Protein chains: 2
Amino acid sequence: MFEDKERKEIESIGKYPLIQKLSEKIELSHAETLCGINEDASAVTVAEGVIFNASRLFMEYVHFDLTYFPLRHLGYKCAAAAMSDLLAMNVIPTHLRINIAVSNRFSVEAMEELMTGVRMCCHRYKVDIVGLDVGSSRTGMAISVDTFGTAKDEEMVKRGGAGEKELICVSGDLGAAYAGLLILEREKQVFEVNPEMQPDLSGYDYLLERQLKPEPRLDIINALKEKAIKPTSMTNVDEGLAGALAKICNASDKGCVIYENKLPIDTLTFNTLKELKIVATTVALSGGEDYELLFTLKQEDYEKIKTIENISVIGYMQEKSAGENLITNDEMMVELKTMGR
Amino acid sequence: MFEDKERKEIESIGKYPLIQKLSEKIELSHAETLCGINEDASAVTVAEGVIFNASRLFMEYVHFDLTYFPLRHLGYKCAAAAMSDLLAMNVIPTHLRINIAVSNRFSVEAMEELMTGVRMCCHRYKVDIVGLDVGSSRTGMAISVDTFGTAKDEEMVKRGGAGEKELICVSGDLGAAYAGLLILEREKQVFEVNPEMQPDLSGYDYLLERQLKPEPRLDIINALKEKAIKPTSMTNVDEGLAGALAKICNASDKGCVIYENKLPIDTLTFNTLKELKIVATTVALSGGEDYELLFTLKQEDYEKIKTIENISVIGYMQEKSAGENLITNDEMMVELKTMGR
């Protein structure tokens, strides 16, 4: 947990001065933002179009373990995860609101660390923080984040638009965040047995970064827009590829086939999981927190998509009755339901 | 707590079937609503104007005690409280999103009760539920609600617009919700000492209703609009009148004076608090959860406001240097800071 050198208790300054203090460093970058934190609601000017909203609730002990999760990273991750839900509808997030419930085991400095992370992520992705509230918790910490942005109706991409024979694509690589979590959990156990031991996290940088500080894939959405590619369906890969595929297949009333040898798995992820005696494909299918984008494309977009980095074509859509299947490396066909869910 | 006759475990049906089940009874009433619960984000068509967003995070043991809080009422209250934040900016809420984190001590039926309450409130106020997620908690229940609506720029009322000599008005009456809480806490203690005793809540109906099932003051906003009255400043009375007044005074850079004999306190509230040996004025000033609207008006609006039911004029704004004061029933002037905060 965050080590306080000079610890100031939240109670000693009070709720509103704390919110004021946390707000001071927030910079707004959108001219459309009329007001935020110091009003009962935030207000943002919008043009005629569609407003998109997403919300996430993060609970201590379920979504994060503060024994190894630095608060600054936690703030960054909560913001990034919420943004990724808007991106998954082909919408660029512009505004974010955050509510934090904490017990008195957290200091003012700890809250500042958390908000520094939120601010860093929002600054990087040009998202204005227009809501910030801090309340009490008698149990663990809870963080709720909601984010919104606008787009034109025709830009919206839903889960249900995939057609037969269309290409299934996924951004980035899969399983790294889960592998990072396993490494952190392993070192936590070592530490619990022997608190004198320093955690050995060297060599796992990429996995830890994917777990502790994921990036929303704004780059992918921008690249697709640049090439004038509009996915026919899309969703966020936040609970494993199999679950994300099921969302697209169910909503589109279609089946799919994907190839194990096409799944994008980073070498470090693969080797680390092997070391832990876990099959990387299983983690890619049913791990979690990748925050990558899964989408389908018309076949004629293949030439265009090939030129974009960090996108893998992993299979294609088919008729519903054909099911949702994985072709393994040894050319067996396995139902995804038995693998990943 | 909610008594389960036939208890179905959440685990036994799984997250997505549970969300599906809870979603089935949700009816959407706005043609602008394009999609909601079954996508990564909700989408709502908007005209050119301003979008207003508010969010609240409710934590078990802090905001509600399930030993006496029926889940249906809890759902209603969470929705009502979030809506009241938009109303406090003179904006009518049209959409709401909810995320719930629960442990396995809750059943599917318990979740249905909670959502029935949310649905009832949303149905009553014509608010579409466009987000619903259920996640895990290892500690208490947490509920996050965010709500939004649009308005024209010129309709927005902020905290900072109050001018000197303007009238200070408050809707409804104050302190009832807190008095209701005290009664519930008293009966809980009786029950804890002797579980055979049935709680004696008769005669306290109004107080219990204000605590367990508050109503957002859409009626007041509509009445003001009908009479073409636009408050110069406004805020939600959710943590006592003194706190709400401070928000308006600080944002407007003004002082104020209010009269104890003008504070709207229901007779039952007054008598119950007297029975509990608590001064009603103190509760009105620093109680909580009234969800009434505090606003300021230009003096020329006085004739118009007089004709609206459930609005009390309780004092007036003054220059900042004069401070924030209460004139007591025995005509003493007391600084509000020492009374209510």
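In this text, all values refer to a predicted model and were calculated from it rather than measured experimentally. Convention: sequence-line order gives letters A, B, ...; per-chain numbering from 1.
Listed in order of number, the residues of residues 55-63 of chain B that approach chain A to under 4.5 Å between heavy atoms are B:S55, B:R56, B:L57, B:M59, B:Y61, B:V62, B:H63. Scanning residues 230-239 of chain A against chain B with a 4.5 Å non-hydrogen threshold yields A:T235, A:N236, A:E239, sorted by number. Residues of residues 9-19 of chain A lying within less than 4.5 angstrom of chain B, judged on heavy atoms, are A:K15, A:Y16 in numerical order. Heavy-atom neighbours of chain B within the stretch residues 37-44 of chain A, taken at a separation under 4.5 angstrom, comprise A:N38, A:E39, A:D40, A:A41, A:S42, A:A43, A:V44.
The environment of NZ in A:K152 is sparse: at most 12 heavy-atom neighbours from other residues, nucleotides or ligands sit within 6.0 Å.
Note on A:A251, A:G49, A:G131: by heavy-atom pairs under 4.5 Å with chain B, the leading option is A:G49. Ranked by non-hydrogen atom pairs under 4.5 Å with chain B, the options A:L86, A:I98, A:T139 are led by A:T139. Highest contact tally toward chain B, considering only A:M89, A:E48, A:K247, A:R159, is held by A:R159 [criterion: heavy-atom pairs under 4.5 Å]. Options B:V50, B:V91, B:N53 differ in how many heavy-atom pairs under 4.5 Å they form with chain A, and the most are formed by B:N53.
Heavy atoms closer than 4.5 Å to chain B are found in both the backbone and the side chain of A:R138. When heavy atoms are compared at a cutoff of 4.5 Å, A:D153 approaches chain B solely by way of its side chain, counted from C-beta outward.
Residues A:I51 and B:T150 have side chains not in contact (no heavy-atom distance under 4.5 Å, counting atoms from C-beta outward). Proximity of B:R97 to A:D146: side-chain heavy atoms (C-beta onward) are nowhere separated by under 4.5 Å.
Distance check: B:M156 CE to A:L34 CG gives 5.0 Å after rounding to the nearest 0.5 Å.
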